[in-house]
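Sequence lines set the chain letters: A, B, ... in the order given, protein chains first and strands last, and positions in each chain run from 1. Because only heavy atoms are used, hydrogens play no part in the values below, and waters and symmetry mates are left out as well, while side chains stay in.
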Amino acid sequence: MSQAPEQAAIRVALVGNPNSGKSTVFNQLTGLRQKTGNFPGVTVDVKEGKIKLPSGREAMLTDFPGTYSLYPTSSDEKIVASVMTNPADLHYPRAVIYVADAINLEKHLLLLSQLIDLGLPVLLALNMADTAAEMGIKVNLAKLSDSLGVPVVFISGRTGENIQKLIVELEKLLLQAEKNPSVHPPFYRLTESEKQVVEAVRLNLGADNPYRALLLAHHADWLPFLQKQERDTLAAITETKQFQSLRAQVDETLDRYDTFSPLIQEAVQRPPVYPSTPTDRLDNVLTHRWWGPMIFFGVMLLVFMVIFYGYETTGGWVEAGMNWVIDGMGSLAHRLGGEWIANLITKGILEGFKGVLVFVPQIALLFFLVTILEEVGYLARVVFMFDKTMRRYGMNGRSIVALIGGGACAVPAIMGTRTISNWKERLITVMVTPFISCSARIPVYMVLIPVALPGAGWWTWALVFAAMYFLGMGAAFGSAWLLKKTLRTREPSYLALEMPVYRMPHWKNVWLTVWDKTTSFVSGVWKIIVVITVSLWILSSTGPGDAMLRAESAAREDAALQGLDSLRTNDLIAAYQMKDSWAGRFGSFIEPAIRPLGYDWKIGIGLISSFAAREVFNSTMYVIYSLESVGEQEEEDAADQKPFERYISLRQRMLDDRFDDTDTPVYTRATGLSLLVFYALAMQCMSTLAAVRRETGRWRWAILQFVGMGLVAYLGAWVVQQIF
Amino acid sequence: MQRRYRTVSDLKENESARAISFDDPTLAGKLTAMGVLPGALIEMVRCAPFGKAYYIKVDGVRLALRTEEAATILVEL
């Protein structure tokens, strides 16, 4: 995590209010030299990136979550307060770049004044300079810099204007801070009772900065770096001094505004009235009583359709490309290392990769759409409109962002719940988000829907596909309602959300977000996929003793009896060997448990391997039904343009499959539909479980989710099997 | 009974009033940090489609507040 060279790097923090355009500035400053790291101790993802200073030195810039003040309510806001009050923290900065919106400067200075009072060297980056000028807002930089006591740079995160100047100023600030630490007069003058608290804290804990001492007293009960003993000392101090934290916070905030508002009024000229802006006119429609919700459902339908049709084109390209790679690698490996190596590479590793890569464009597309909705400012309106609906199910309006994001991938969606301050609302959101059909389920649906309804038309398949999404949503809201009834909390719950001005998406932000999320998804999943497909291939091609040889000779005898050609004979050998292999034996072992659902041992292996990640189902099926000998004729059919057609060869194999004992078809309509329902509802994703464990801090919630979703899925699948 | 004060949740659509104070200390901390200050002009823009939340404007900043949250902001008569 933290290697020595990184510790030696100059730490700079990027801080600002939500909607200050901070992430755009971060992307401008660091570009692709950024990565997602971790805050030690609190295990929260953080973005870091390198900046090259004019002198050639490098600074490590940390992008902190947007917050309004050092009195936080949600867990991502808490990060800022906990790092800035702890000089021993790895991320504690040597300087802060503070991003503020030039249009609403007054509302952005509270946190700035708090950071200055903490004694941190701060550089103020006035963002959206271009828009402010258009609106007729004039800022006297020299005056502002003078009265705040910090250097100020006008920038535009969108156009990149003055970003270089910002870096130059940053280095100046760093050099100055190294020579003589600046002593600003504090913005906030402590009250008499606060002075007593601060004196006591400084005496007992040795905090030299008075404001830092005050914050320690305010946040004694949750600051993660405090020792038990320090916590007790602080509690005793606030007790004996009768320190009322909540009241003091409000008084301090108001006092700060009183101090800097006059300074701003002197330095900033603005037009007397706020004109009606495009944002107001857009919101008249987009948050309208009737139009608002209708447009939202329209947008969601559009997103859904893009997923569905996008799959058709991109998935086809990837599959064709992968087949080409598999053929090439296979013959190369055959020549170099012999048949076993060739099989390991093509049937084990590459087939597994194919199953995943096919839907990587898909997940990128979904991240792209969700990021755009977020970037333009639309999601905040959705939160506003549906807060009441979400609350009825024990969640927060903000939960809807997670649920929409869950349509792409539950892992980032669950991490995004940090903006929800209420523990119960956040927990419920974390628990139910995996019910929403994520993009990993798409390839499984694509294979299984035509298997369940082979005769039905393309439209029926599309309808069933949509039904899977509704099933997931129903399960999410149903279980949310149940959790709401069971969980208890006295914590207050908030909406209080700022709705940003509508903006065109900043494409650099969009691309970087999509790139970051997609690559971290792929890099998280590819190792699991390789391990599983390789071990699955080994387990399904080896067996106890000479089982494989005996299976082969039995298959040859049967093939000779049936008069099969050599291609079909090889298939029969593979099938017999599969059955007798370790994997086959294990599948047969668990078959009794899943037979009530209508599943055979092959599906059993699929289910087991899917616990790593759902998309492994397809890779597993490719390995199990060893599809290398499928004739050319079928390959040509697969080139058909309809999305469901792509897996035609796999589908045909599955439909031809029969139970060994009863010789009835494995994939009846009931089994197919029941398996679909199982995949829609079951918790089959190790990455999500890990994320849930991390975000809730306890294994119990991850386990509850795993067991709960498993039961719902088993029950749902069983019911479907009975009905159809 | 005639009340002696009004809150933001009593405002009609497009009506504005100046905030005076807050009657919930926890929310007051959050709202003041977001720029809802005593003396600020608050405009009621609209109610949420399904109710229970308001879209308000405070000195050019747009906020979404729940009905209960809006009811903690006292405004002048």
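- Side-chain atoms of Thr279(A) and Arg62(B) include no donor-acceptor pair closer than 3.5 Å.
- Here Tyr55(B) contributes atom OH and Asp283(A) contributes atom CG; the two are 3.5 Å apart, rounded to the nearest 0.5 Å.
- Counting heavy-atom neighbours within 6.0 Å of Tyr393(A) OH, excluding the residue itself, gives a total of 12 or less.
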Taking it one step at a time, do Arg66(B) and Arg391(A) satisfy side-chain contact (heavy atoms from CB on, under 4.5 Å)? CA-CA 11 Å; Arg66(B) 284 182 182 161; Arg391(A) 279 173 83 192; 3.1 Å; yes
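- Here the closest non-hydrogen pair linking Leu495(A) and Ala53(B) is CD2-CB, 4.1 Å.
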Give the C-alpha distance, both sets of side-chain angles, the deciding distance and a yes or no for side-chain contact (heavy atoms from CB on, under 4.5 Å) between Met499(A) and Leu63(B). CA-CA 6 Å; Met499(A) 290 186 284; Leu63(B) 295 180; 6.0 Å; no
Evaluate the side-chain contact (heavy atoms from CB on, under 4.5 Å) criterion for residues Asp387(A) and Phe50(B): first the C-alpha distance (whole Å), next the side-chain angles of each, then the deciding distance (0.1 Å), finally the verdict. CA-CA 9 Å; Asp387(A) 182 59; Phe50(B) 305 105; over 6 Å; no
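- Legend: residues meeting ring-ring contact (aromatic ring centres under 6.0 Å, His included) with His218(A), ordered by chain and number and at least two apart, are Tyr71(A), Phe243(A).
- At a threshold of 4.5 Å between non-hydrogen side-chain atoms, the residues Pro38(B) and Leu254(A) count as touching.
- Per-residue heavy-atom pair counts under 4.5 Å with chain B were compared for Val501(A), Asn19(A), Asn284(A), and the maximum is reached by Asn284(A).
- When Leu110(A), Leu497(A), Val250(A), Val383(A) are compared by the number of non-hydrogen pairs under 4.5 Å with chain B, Leu497(A) comes out ahead.
- Heavy-atom pairs under 4.5 Å with chain B were tallied for Ala380(A), Gly292(A), Ser493(A); the largest tally goes to Ser493(A).
- Under the 3.5 Å distance criterion, the side-chain polar atoms of Glu498(A) are left unmatched by any main-chain donor or acceptor of Val61(B).
- Around CZ of Arg281(A), the count of heavy atoms belonging to other residues, nucleotides or ligands within 6.0 Å exceeds 12.
- Under a cut-off of 6.0 angstrom, the local environment of CD in Gln242(A) is sparse, with at most 12 non-hydrogen atoms contributed by other residues, nucleotides or ligands.
- For a residue to count as touching a neighbouring chain, one of its non-hydrogen atoms must lie under 4.5 Å from one of that chain's; by this rule Asp251(A) does not touch chain B.
- Contact tally against chain B (heavy-atom pairs below 4.5 Å) for Phe384(A), Tyr68(A), Trp291(A), Trp290(A): the top residue is Phe384(A).
- Under a 4.0 Å N-O distance rule, the pair Lys107(A)/Asp59(B) qualifies as a salt bridge.
- Contact of the Arg247(A) side chain with the Pro25(B) side chain is not registered, since no non-hydrogen atoms from C-beta on lie closer than 4.5 Å.
- Within the 4.5 angstrom heavy-atom criterion, no atom of Thr67(A) approaches chain B.
- Smallest separation of non-hydrogen atoms from Glu69(B) and Ala496(A): OE1-N, 3.0 Å.
- In terms of heavy-atom pairs under 4.5 angstrom with chain B, the leader among Pro293(A), Pro72(A), Ser69(A), Pro492(A) is Pro293(A).
- Counted within 6.0 Å of CD on Glu374(A), heavy atoms from surrounding residues, nucleotides or ligands total 12 or fewer; the atom is thus considered open.
- Taken from OG1 in Thr26(B) to CD in Glu491(A), the straight-line distance is 11.0 Å, to the nearest 0.5 Å.
- For His108(A), no part lies under 4.5 angstrom from a heavy atom of chain B.
- Separation of atoms NZ (Lys52(B)) and OG1 (Thr389(A)) is listed at 12.0 Å; rounding is to 0.5 Å.
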Using a 3.5 Å cut-off and no angle test, enumerate the donor-acceptor pairs between side-chain atoms of residues 28-37 of chain B and protein atoms at least two apart in sequence or in another chain.
from     : atom 1 : to       : atom 2 : distance (Å)
Lys30(B) : NZ     : Thr73(A) : OG1    : 3.0
Thr32(B) : OG1    : Ala28(B) : O      : 2.7
Thr32(B) : OG1    : Gly29(B) : O      : 3.1

